[in-house]
Enquirer: 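Submitted below is the structure of interest, expressed as structure tokens.
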Amino acid sequence: QVQLVESGGGLVQAGDSLRLSCAASGGTFSALVMGWFRQAPGKEREFVAAIRWSGGSTTYADSEKGRFTISRDIAKNTVYLQMNSLKPEDTAVYYCAANKRSFNYFADYDYWGQGTQVTVSS
């Protein structure tokens, strides 16, 4: 029932910015935590950032801290990832996910989007 749709990816140069969006439907208003993950070719999926739906507390992976900002619009059932100062190593498919089971930022995600490609050239 829950559906997550990412958008906003694209091809950019190092130093540029992108804002990713994740639109949720199907009762995700009650999600406890929303997260962003990414997966580069040949690598495991890794955590990027997460936000508590109620209250908006956030956490980030060390590699993105200071460059990325996660936020949400409760009225729009949408979570965003603002990415600044992009680096080639940020190239990956970015996925959003919903955790409706716990307040864990890093696990217990049961719903995933299809992903949006971000490519950063140098």
Side-chain angles (χ1 to χ4, degrees):
Q1 181 63 28
V2 175
Q3 293 185 356
L4 306 174
V5 180
E6 303 96 335
S7 62
L11 174 62
V12 298
Q13 292 186 317
D16 287 351
S17 298
L18 281 174
R19 190 181 75 160
L20 307 183
S21 299
C22 175
S25 63
T28 58
F29 186 84
S30 62
L32 300 178
V33 179
M34 296 289 293
W36 284 98
F37 295 76
R38 67 186 184 186
Q39 187 169 24
K43 293 182 170 56
E44 293 185 349
R45 180 173 294 179
E46 65 175 348
F47 172 82
V48 175
I51 185 169
R52 283 187 59 169
W53 197 251
S54 179
S57 298
T58 62
T59 192
Y60 299 89
D62 289 341
S63 60
E64 289 81 47
K65 193 173 299 181
R67 298 189 299 122
F68 291 8
T69 302
I70 187 171
S71 62
R72 89 282 197 228
D73 187 325
I74 295 176
K76 295 181 178 180
N77 280 344
T78 300
V79 63
Y80 305 96
L81 185 68
Q82 178 67 45
M83 305 186 294
N84 298 325
S85 301
L86 283 164
K87 305 174 181 179
E89 49 263 46
D90 295 318
T91 295
V93 177
Y94 284 71
Y95 301 89
C96 69
N99 176 357
K100 303 186 71 173
R101 289 156 45 191
S102 74
F103 293 101
N104 195 321
Y105 289 118
F106 310 107
D108 296 336
Y109 293 95
D110 294 321
Y111 305 97
W112 296 81
Q114 294 296 309
T116 184
Q117 176 71 48
V118 172
T119 303
V120 184
S121 63
S122 60

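FYI, the numbering just counts along the sequence from 1.
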Enquirer: Any disulfide bond (SG atoms under 2.5 Å apart) involving residues 88-122? Give me the pairs, sequence neighbours left out, ordered by first then second residue.
Expert: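 The answer is Cys22-Cys96.
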Enquirer: With sequence neighbours excluded, tell me which residues meet side chain to side chain donor-acceptor pair (under 3.5 Å) with Asp108.
Expert: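 Side chain to side chain donor-acceptor pair (under 3.5 Å) list for Asp108, sorted by chain: Arg101, Ser102.
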Enquirer: Tell me which pairs pass salt bridge (charged side-chain N to carboxylate O under 4.0 Å, His left out) where either residue lies in residues 113-122, with sequence neighbours left out.
Expert: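 Listed by first then second residue: nothing to list.
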Enquirer: Is the backbone N or O of Ile70 less than 3.5 Å from a side-chain atom of Tyr60, with the two atoms forming a donor-acceptor pair by type?
Expert: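 Here the side-chain-to-backbone pair exists.
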Enquirer: Taking only residues two or more places apart in sequence, or in another chain, which ones meet Glu46 in a side chain to side chain donor-acceptor pair (under 3.5 Å)?
Expert: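 Listed in chain order: Arg38.
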Enquirer: Name all residues meeting the side chain to side chain contact (heavy atoms under 4.5 Å, CB included) criterion together with Ala40; count only those two or more places apart in sequence or in a different chain, and write none if there are none.
Expert: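 Counting only residues at least two positions away or on another chain, Ala40 forms a side chain to side chain contact (heavy atoms under 4.5 Å, CB included) with Lys43, Ala92.
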Enquirer: Side chain to side chain contact (heavy atoms under 4.5 Å, CB included) with Ser54: which residues, sequence neighbours excluded?
Expert: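 With neighbours one apart ignored, the set is empty.
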Enquirer: Applying ring-ring contact (aromatic ring centres under 6.0 Å, His included), can you list everything that pairs with Phe106, at least two apart in sequence or on another chain?
Expert: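 Counting only residues at least two positions away or on another chain, Phe106 forms a ring-ring contact (aromatic ring centres under 6.0 Å, His included) with Phe47.
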Enquirer: Look only at the side chain of Asn99 and the backbone of Ala107, and say whether a donor-acceptor pair between them is shorter than 3.5 Å.
Expert: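 Yes.
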Enquirer: Applying side chain to side chain donor-acceptor pair (under 3.5 Å), name anything that partners Gln117, two or more places apart in sequence or on another chain.
Expert: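 Side chain to side chain donor-acceptor pair (under 3.5 Å) check on Gln117 returns Thr119.
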Enquirer: Please name all residues satisfying ring-ring contact (aromatic ring centres under 6.0 Å, His included) with Tyr94, sequence neighbours left out, ordered by chain then number.
Expert: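 Partners of Tyr94 by the ring-ring contact (aromatic ring centres under 6.0 Å, His included) criterion come out as none, since no residue qualifies.
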Enquirer: Once disulfide bond (SG atoms under 2.5 Å apart) is applied, what residue pairs with a partner in residues 64-93 remain, sequence neighbours excluded?
Expert: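 Not a single pair qualifies under disulfide bond (SG atoms under 2.5 Å apart).
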Enquirer: Under 3.5 Å, which donor-acceptor pairs link side chains of residues 10-18 to any protein atom two or more places apart or in another chain?
Expert:
from, atom 1, to, atom 2, distance (Å)
Asp16, OD2, Gln13, N, 3.1
Ser17, OG, Asn84, OD1, 2.9

